[in-house]
Amino acid sequence: MGKIKRSQKFALVMSSLCLLTGIVGVSEANAATPEEFNRKMSLGVNLGNCLEAPNEGEWGLKIEPEYMKLIAAAGFKHVRIPIRWSSHAMKDAPYTVEPKFFARVDEVLKEALENKLLVVLNMHHYEEFEAAPDAHQARFKAIWHQIAEHYSKVSDDVAFEIYNEPCKQISDEGWNKLYPEVLQDIRRTNANRQVIVGPVNWNNLHKLESLRLPDNDRHIIVTVHYYEPFKFTHQGAEWIGAESTKWLGNTWKGADAEKANVDADFDIASAWGRAHNRPIYVGEFGAYSKADMDSRSRWTHYVRDAALKRGFSAAYWEFGSGFGVYDPQAKTWRAPLLNALTGR
Ligand code: BGC
């Protein structure tokens, strides 16, 4: 290396130290703004019912390598990957995540990134936490600490989403206190990674007003989920209970009044985003397969357009199960849904 001055040597040692400890990551100058990232995310699809099942495959679907190729070739720009970390971590301190499970998630991320898809990696269905947030706080934080450390060097094309649909016993105050603590810990190893966070009540856009955001953190994208009218999108949905069978036969015709409802809702999210200077991600929207296909495709097309024209990114719920835009048995896309999503 020849002769180098002491000051240079010091700088060199410091920078390799920082790289090793992951303090630096991407320099602030090179990091995408959350607005740029959100524009790149554009439209995506949720790989639902796979890694957020208690064990992958138990809900009838596994993420196959060809799925990422298909998704990218169809024109989607990102995948959201719901993950039930809580089934794969020790129940007691130090709450270690199974290395085998990390290896599986690594594999899925690699497949997505190789296909130039951006990735939203979340935490999903930690049901014990939803039922008793205080009792599970330490475990929630410890699992995130491990995820953040494990993925501190992964491509910037991966965003972290702290929790899918905070609900049940997770209150406004509880969530506004807990998630910033998790975020602060994530920042120790992922200074400029895009982090996604949404309001309580299942990421309901009417709850945006109660979401508090740290002023000093710019790499945040705010998420909401959209399933309105619920009695249309969730007709016959078994997990909602017997009541949902009464909604069978509800249609969505695309009448002016129906469209106006979607617009009014999205205008609320848009106004909130502008007022708080944060990009918006509709991380889930979709209509269950018990609704008629014409209504589903009309609704999907309209909601997709309504999101994109306001500058939101959005992800269809979901790829290959009950809402599936893809039929994994027949190995074909469901054309009316795919066309609706790709704007054809
Ligand atoms: C839940 C899924 C459910 C979907 C639509 C998701 O956030 O995780 O279990 O199918 O919303 O209700």
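Keep in mind that what you see is a predicted model, and the values were worked out from it rather than measured. Along the sequence shown, residues are numbered consecutively beginning with 1. Remember, it's 1-based here, ligands and their atoms both numbered in the order they're listed.
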ask   = Does His225 come within less than 4.0 Å of ligand 1, judged by its heavy atoms?
value =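 False for this residue.
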For [atom], find the nearest protein heavy atom and state the residue, atom name and distance (0.1 Å precision).
{"atom": "atom 9 (O) of ligand 1", "answer": "His125 NE2, 3.5 Å"}
{"atom": "atom 6 (C) of ligand 1", "answer": "Glu284 OE1, 3.1 Å"}
{"atom": "atom 5 (C) of ligand 1", "answer": "His234 NE2, 3.3 Å"}

inquiry  = Quick check on side-chain contact (heavy atoms from CB on, under 4.5 Å): which of Leu43, Leu337, Asn46 does Tyr316 satisfy it with?
reply    =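 Result: among Leu43, Leu337, Asn46, Leu337 is the only option passing the side-chain contact (heavy atoms from CB on, under 4.5 Å) with Tyr316.
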[X]: numbered ligand 1 atoms lying under 4.0 Å from its heavy atoms:
{"X": "Glu165", "answer": "7 (O)"}
{"X": "Asn164", "answer": "7 (O), 8 (O)"}
{"X": "His124", "answer": "1 (C), 7 (O), 8 (O)"}

task = Would you kindly say whether Asn204 and His206 are connected by a side-chain donor-acceptor distance under 3.5 Å?
result =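 Side-chain D/A pair, Asn204 to His206: absent.
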key: Short side-chain donor-acceptor distance under 3.5 Å, Glu52 and Tyr126   =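 The answer is no; no qualifying pair exists.
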inquiry  = Against the six-membered ring of Phe160, is Arg193 placed for a cation-pi contact (under 6.0 Å from the centre, within 45° of the normal)?
reply    =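 Geometry flag: set, cation within 6.0 Å and 45°.
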task = Would you check if the side chain of Arg84 reaches a backbone N or O of Met123 as a donor-acceptor pair within less than 3.5 Å?
result =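 Between the backbone of Met123 and the side chain of Arg84 there is no qualifying donor-acceptor contact (under 3.5 Å).
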query = Can you say whether the rings of Trp333 and Phe76 are parallel (under 30°), tilted (30 to 60°) or perpendicular (over 60°)?
reply =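 If you compare the ring of Trp333 with that of Phe76, the planes turn out tilted.
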key: Heavy-atom proximity to atom 2 (C) of ligand 1, best of Trp317, Trp239, Tyr227, Trp59   =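 It is Trp317 whose heavy atom sits nearest to atom 2 (C) of ligand 1.
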